[in-house]
**Student:** 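Got a structure for you, questions after.
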Amino acid sequence: MARKPVLHYFNGRGRMESIRWLMAAAGEEFDEKFIETAEDLDKLRNDGSLMYQQVPMVEIDGMKLVQTRAILNYVANKHNLYGKDIKERALIDMYTEGVADLYELVLLLPLCPPEQKDAKVDFIKEKIRTRYFPAFEKVLKSHGQDYLVGNKLSKADILLVELLYNVEELDPSAIASFPLLKALKTRISSLPTVKKFLQPGSQRKPPMDDKNLEKAKKIFKIP
């Protein structure tokens, strides 16, 4: 029996969470080896496991893959979640890059100085409302299909729905004016593998709290 992939990261969302989402949605079971201290991270660096000296790192199919998008692309290709031809892959990449741009803003919010946080949240909400959500709503409206590309589930749908959940934690009303995005969220959330991942006790991680943020800062030596 093939060994399960092993995910190396700290016990929090960060840049690994999208990988967890995609693997879970694809039905690929995985184990996790959590980095608990800066010394754990140094050990991975010193034993040559991290090509660029940084995580996420996933041991999968005899490889030690780093770089989030490289890992996502591999998993998507492996599980037929990356379109049927070069044009569909280009669209999937274009949509997932847009997701990544907004995701990055949300991901880095906990590191924002307290006195700047309100302004940053307002900036993110404005981008959600005027740039990103209208763009994805327009894509779904343009073809009237259930999924973003080729009327078939792809990594773009899964990563967008992960983003929708994250954004709703920031602003519960953010999706209210986008009925097609709401429908996509419901559709993806109802898939058996995703439904399982969304249940309590799964490998999905909770929002970053102050305790986990301080721990992550110590691991990654963030001032």
Side-chain angles (χ1 to χ4, degrees), residues 5-24 30-60 63-75 96-128 131-132 155 158-172 174 197-198 202-223:
V6 180
L7 280 52
H8 294 263
Y9 204 61
F10 78 97
N11 189 10
R13 286 185 184 175
R15 299 188 186 281
M16 185 66 88
E17 191 69 0
S18 294
I19 297 166
R20 297 185 185 107
W21 264 83
L22 190 59
M23 284 189 165
F30 57 87
D31 292 323
E32 299 190 78
K33 189 169 183 181
F34 294 124
I35 298 168
E36 300 286 354
T37 65
E39 289 73 27
D40 289 344
L41 182 56
D42 286 339
K43 184 176 184 302
L44 278 177
R45 287 170 172 158
N46 294 334
D47 71 13
S49 293
L50 305 179
M51 183 174 183
Y52 302 115
Q53 306 296 308
Q54 58 194 21
V55 288
M57 188 269 280
V58 175
E59 294 185 73
I60 184 170
M63 300 180 289
K64 291 183 177 180
L65 290 181
V66 295
Q67 295 293 351
T68 305
R69 291 170 192 174
I71 298 165
L72 291 170
N73 288 347
Y74 181 79
V75 174
T96 53
E97 287 297 314
V99 167
D101 285 349
L102 179 53
Y103 191 95
E104 187 81 1
L105 294 176
V106 177
L107 177 69
L108 296 178
L109 187 59
L111 296 175
C112 185
E115 69 276 10
Q116 299 175 20
K117 185 159 277 188
D118 287 347
K120 190 70 171 179
V121 168
D122 288 343
F123 173 80
I124 293 171
K125 287 181 179 179
E126 192 268 337
K127 294 298 181 188
I128 290 167
R131 177 179 295 184
Y132 292 103
K155 69 166 184 167
I158 296 160
L159 298 180
L160 176 55
V161 169
E162 181 206 357
L163 176 67
L164 296 179
Y165 274 96
N166 287 350
V167 164
E168 283 188 316
E169 291 170 356
L170 184 67
D171 179 5
F197 186 62
L198 291 170
S202 79
Q203 289 166 296
R204 183 183 179 216
K205 305 303 180 234
M208 181 77 79
D209 59 21
D210 290 340
K211 183 179 177 181
N212 275 341
L213 178 60
E214 287 308 309
K215 186 172 183 179
K217 283 183 174 181
K218 288 178 181 177
I219 291 169
F220 298 108
K221 299 177 182 176
I222 298 170

**Student:** Nearest 0.5 Å, please: how far is CG in Leu160 from NZ in Lys155?
**Tutor:**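 Answer for the NZ-CG pair, Lys155 versus Leu160, is 13.0 Å.
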**Student:** First locate atom CD1 of Ile219, then atom OG1 of Thr37, and finally report the distance between them rounded to the nearest 0.5 Å.
**Tutor:**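 Going from the CD1 atom of Ile219 to the OG1 atom of Thr37 covers 7.0 Å.
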**Student:** Over 60° means perpendicular and under 30° means parallel, so tell me whether Trp21 and Phe197 are parallel, tilted or perpendicular.
**Tutor:**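 Geometry flag for Phe197 against Trp21: perpendicular rings.
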**Student:** To the nearest 0.5 Å, what is the distance between CD1 (Ile158) and OG1 (Thr96)?
**Tutor:**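 It comes to 11.5 Å.
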**Student:** Check this for me, if you would: do Lys43 and Asp40 make a salt bridge, where the nitrogen-to-carboxylate-oxygen distance has to be below 4.0 angstrom?
**Tutor:**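 No salt bridge links Lys43 with Asp40.
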**Student:** Say whether, by atom type as modelled, one donor and one acceptor occur between the side chain of Arg204 and the main chain of Leu198 under 3.5 angstrom.
**Tutor:**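 Not a single qualifying donor-acceptor pair exists.
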**Student:** Below 4.0 angstrom, N of the basic side chain to O of the carboxylate: do Lys218 and Glu36 qualify?
**Tutor:**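 Looking at Lys218 and Glu36, the cut-off is not met.
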**Student:** Just so I know, are the side chains of Tyr9 and Arg15 near enough to count as touching, which here means a heavy-atom distance under 4.5 Å?
**Tutor:**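 Tyr9 vs Arg15: side chains touch.
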**Student:** Which is it for Lys120 and Leu111 under the side chain to side chain contact (heavy atoms under 4.5 Å, CB included) test, yes or no, and what are the steps along the way?
**Tutor:** CA-CA 11 Å; Lys120 190 70 171 179; Leu111 296 175; over 6 Å; no
**Student:** Atom OG1 of Thr68 and atom CD1 of Ile19: how far apart are they, to the nearest 0.5 Å?
**Tutor:**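 It comes to 5.0 Å.
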**Student:** Main chain of Phe30, side chain of Gln203: is a donor-acceptor contact present, judged purely on distance under 3.5 Å?
**Tutor:**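 Checked: pair present.
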**Student:** For Met51, does the CE atom have more than 12 heavy-atom neighbours from other residues, nucleotides or ligands under 6.0 Å away?
**Tutor:**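 No - once you tally the heavy atoms of other residues, nucleotides and ligands closer than 6.0 Å, there are 12 at most.
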**Student:** Is it the case that more than 12 heavy atoms not belonging to Arg45 sit under 6.0 Å from its CZ atom?
**Tutor:**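 Count over threshold, so yes.
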**Student:** When you compare the side chain of Leu44 with that of Lys33, does any pair of heavy atoms fall below 4.5 Å?
**Tutor:**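 The answer is no, as the side chains (C-beta and beyond) never meet within the 4.5 Å cut-off.
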**Student:** Quick one: does Arg13's side chain have a donor or acceptor within less than 3.5 Å of a partner on Lys205's backbone?
**Tutor:**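 Judged by distance alone, yes, a pair lies under 3.5 Å.
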**Student:** What distance separates Phe34 CZ from Phe10 CZ, expressed to the nearest 0.5 Å?
**Tutor:**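 It comes to 10.0 Å.
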**Student:** Roughly how far, to the nearest 0.5 Å, is the CD1 atom of Ile71 from the CG atom of Leu7?
**Tutor:**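 It is 7.5 Å, given to the nearest 0.5 Å.
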**Student:** Does CG in Asp47 sit with more than 12 non-hydrogen atoms of other residues, nucleotides or ligands closer than 6.0 Å?
**Tutor:**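 Correct, the count exceeds 12.
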**Student:** Would you call Met57 and Met16 a side-chain contact if the rule is heavy atoms closer than 4.5 Å?
**Tutor:**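 Sidechains of Met16 and Met57: no contact.
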**Student:** Please answer whether the main-chain N or O of Gln67 pairs with a side-chain N or O of Tyr52 as donor and acceptor at a distance below 3.5 Å.
**Tutor:**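 Here the side-chain-to-backbone pair does not exist.
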**Student:** Determine whether a donor-acceptor pair (N or O, by modelled atom type, separation under 3.5 Å) exists between the side chain of Asn212 and the backbone of Met208.
**Tutor:**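 No, because the side chain of Asn212 does not come within donor-acceptor range (under 3.5 Å) of the backbone of Met208.
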**Student:** Applying side chain to side chain contact (heavy atoms under 4.5 Å, CB included) to Leu170 and Leu109, what does each step give before you reach the verdict?
**Tutor:** CA-CA 10 Å; Leu170 184 67; Leu109 187 59; 3.6 Å; yes
**Student:** Looking at every heavy atom in both Ser49 and Lys64, which two are closest together, and how far apart are they?
**Tutor:**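 That would be OG-NZ, 3.0 Å.
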**Student:** Would you say that Val58 contacts Met23 through its side chain, given a criterion of any heavy-atom pair below 4.5 Å between the two side chains?
**Tutor:**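 In contact.
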**Student:** Is there a side-chain contact between His8 and Leu50 (heavy atoms, below 4.5 Å)?
**Tutor:**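 His8 does not reach Leu50 side chain to side chain.
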**Student:** What heavy-atom pair brings Leu41 and Ile35 nearest, and what distance separates the two atoms?
**Tutor:**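 Looks like N-CG2, 3.8 Å.
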**Student:** Provide the closest heavy-atom pair for Pro110 versus Leu213 in the form atom of the first, atom of the second, distance.
**Tutor:**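 Closest pair (atom of Pro110, atom of Leu213, distance): O-CD2, 3.4 Å.
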**Student:** Apply side chain to side chain contact (heavy atoms under 4.5 Å, CB included) to Asp171 and Ile128, showing your working.
**Tutor:** CA-CA 10 Å; Asp171 179 5; Ile128 290 167; 5.8 Å; no
**Student:** Do the non-hydrogen side-chain atoms of Ile124 and Val167 ever get within less than 4.5 Å of each other?
**Tutor:**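 Ile124 does not reach Val167 side chain to side chain.
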**Student:** Are any non-hydrogen side-chain atoms of Val55 and Phe220 less than 4.5 angstrom apart?
**Tutor:**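 Yes. Closest side-chain heavy atoms under 4.5 Å.
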**Student:** Any side-chain heavy atom of Asp101 sitting closer than 4.5 Å to one from Lys127?
**Tutor:**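 Sidechains of Lys127 and Asp101: no contact.
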**Student:** Does the side chain of Glu162 pick up a donor-acceptor pair with the side chain of Tyr103 at under 3.5 Å?
**Tutor:**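 Checked: Glu162/Tyr103 side chains pair up, N/O donor to acceptor below 3.5 Å.
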